[in-house]
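If you're wondering where the values come from, they're calculated on a predicted model, not measured in any experiment.
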Amino acid sequence: MNAPTNLKQLCLAAVAFAAASIQMHASTTINGSGSSFAAPIIIRWGIDFQKAHPETRINYQSVGSGAGITQFIQNITDFGASDVAMSDEEIAKVGGNVLLLPATAGTIVFAYNIPGISTGLKLSRAAYIGILLGTVKSWNDPLIAKDNTDLKLPNLPITVVSRSDGSGTTGVFTAHLSAVSADFKAQVGSGKSVTWPVGVAGKGNEGVTALIKQTPGAIGYVEFGYAANNKLSMASPQNKAGNFITPTIESGAITLASVTLPENFRAFITDPEGANDYPIASFSWLLVKKSYPTADKAAAVKAFVAYGLTTGQSVAPELGYITLPDSVVKKVLAALETVK
Amino acid sequence: MGVASIPVGPESPIQREYRPRTDFFKGICWLASLLTVLLLVCILLEVFSKAWPAIHRFGFGFITGVQWSPNREVFGVLPVLIGTGISSLLALLFALPLGLAIALFLSEDFLPAPIRQVIRFVIELLAAIPSVVYGLWGIFVVVPLVQQYGGILADKLGFLPIFQGPAYGNSLLTASIVLALMVLPTITAISRSTLVTVPYALREGSYALGATRWETILGVILPTAAPGIVASSILAFGRAMGETMAVAMLIGNSQRLSWSFLAPSNTLSALLANQFAEADGIQVNALMYAAALLVLMTLCVNIAGEAILRHTQKTTAGLR
């Protein structure tokens, strides 16, 4: 007779499984979700952190900044990540039990595809606003040409490539454009999802990247890291001081260094003023609770965030992010200490 | 071991008399079908209840509005509705003649049966390719083609609103071409099976009256199979309307109103796929409103299809 043996084995297996799950619960799991822009670096931190602290499991889901904030408010996650800081209204929904901690930063670049011109394109503020509003239609338009006398710009129609999905990238980008141009503010405005007057749209940074690569005459906006990894040509936009700034990790770091963070860390860099500041940059925030239900959880979250802010910053450049300035890290770590 | 070794006697289970018992199988079937209906009702309820705040706030203006700006809380889906309809119609326009021709070719004896079988199998295999693969293929093959020839089309025929330039690679036309390929198996498979079931006596009768093969096909076989062909087109249209991934990758995702086939456009399903993840507040309700509209549209298409099917069945009934 086989059946009782099988049953016995099944019971044993069930007990073993139950024991295993209890074993798993003995360690702490922290769940996070949000920003897809910050996802690569947060996931990397998670992997590296887990190697050093096997008792803690980090789950991060790149669901987008908006959904990340929503899930944090609904108490589904232990931490969130967002490219747009939470609004006062959203902070009220969690009874003020939240800290917004800048964890990484990035810049947004104009990536283009003009056959024969792989580098050195300069875009004045009037030129890039004109392109995005559809008033500058061709690459040899005098408005572009006057700053690029060294380049032979072709008579090629401009195809603007934007994001079709709601995204923090679009939010940061349009906030900058609205700060630069009253016309843009009136016609398009700022937000995670806007209506562009011209061009095509692709889903995600990767969708935009693919469209730019494929369309001669295209120009679009993507995260610096994506553009660098995909070897897209990047234009040098003009900053508030009037200088054309080449997008690099260094020029982004200069922008961040000049930002003075307020007490609540909600600094929006819509149009930085420094002479060498790269104009379009943003922090990415981690949302953590001021007080967690258990001490274990609080300790695990604190350890993880502290890791990201210190050791974790060293992987930023290779992933296309800007390393946070030491002064910022110091302030954020002090705030993190208050988490209970 | 002989037959005799099988126990046959009064105590054998074979001879046990039949007693009516509760029919569990029937009960399970009932439950399953009831659950299916219930599931559909639940989905519809969820969609409409989530859509209600937007329906209440925007009303009919949502359908006639031409601007979709979530950052300003302005939501209008007319361009998207038009995009959905035109892209599916255009896809059908490309796929129907091709699909019907293939179906005819495969149902007649132009080729030996084994070869026909292979061709049929290959075409039905098209239905097994995932949508995202069609999208990728479209990006690498169709987009460059449309970019190249779309420009020429816009130059030569740009005076027609539908070919007005500038020509984009990711456009309504690109999406329609790929959609046409995606719905081709649906049209071919259903049309072929209807063509095959046309009674042989009808063909023989037609030949006996001196009709050529083409006269027989056009005058007898096609009209007899018409209901099936119409049904296949409607199913194909429905599939094209609901298709999401490939369209989202190819149509250009622009909510601007344009009549040009060479301009980027958008469809309801692509809009939902693109914007749902990061939507919050009233935008979620507006997207649900759009989803409700999509459900209603597919429902209307299916009802219309059913009506046409019944009507044509009635008129061709005398032929059978």
If I measure from the heavy atoms of chain B, does [X] come under 4.5 Å with its side chain, its backbone, both, or neither?
| X | answer |
| --- | --- |
| A/Val188 | backbone |
| A/Thr174 | neither |
| A/Val63 | backbone |
| A/Leu211 | side chain |

Under 4.5 Å from any heavy atom of chain A - which part of [X]:
| X | result |
| --- | --- |
| B/Ile139 | both |
| B/Gln255 | neither |
| B/Ala270 | neither |
| B/Ser69 | both |

Are the side chain of [X] and the backbone N or O of [Y] linked by a donor-acceptor pair below 3.5 Å?
| X | Y | answer |
| --- | --- | --- |
| A/Asp165 | A/Gly204 | yes |
| A/Asn264 | A/Arg266 | yes |
| B/Asn71 | A/Ser190 | yes |

Please determine, among [options], the option with the most heavy-atom pairs under 4.5 Å with chain B.
| options | result |
| --- | --- |
| A/Thr195, A/Val161, A/Thr215 | A/Thr195 |
| A/Ala67, A/Ser162, A/Ser164 | A/Ser164 |
| A/Gly171, A/Gly191, A/Gly68, A/Gly199 | A/Gly199 |

Should we count CD of A/Gln187 as having more than 12 external heavy atoms under 6.0 Å? yes
State, without any angle test, whether A/Ser193 and B/Gln275 hold a side-chain donor-acceptor pair at a distance under 3.5 Å. yes
Between A/Asn31 and A/Thr77, is there a side-chain donor-acceptor contact under 3.5 Å, judged purely by atom types and distance? no
Smallest separation among heavy atoms of B/Met249 and B/Asn170, with atom names: O-ND2, 3.2 Å
Go through B/Val80 and B/Trp68 one step at a time and tell me if the side chain to side chain contact (heavy atoms under 4.5 Å, CB included) criterion holds. CA-CA 9 Å; B/Val80 185; B/Trp68 178 276; 5.8 Å; no
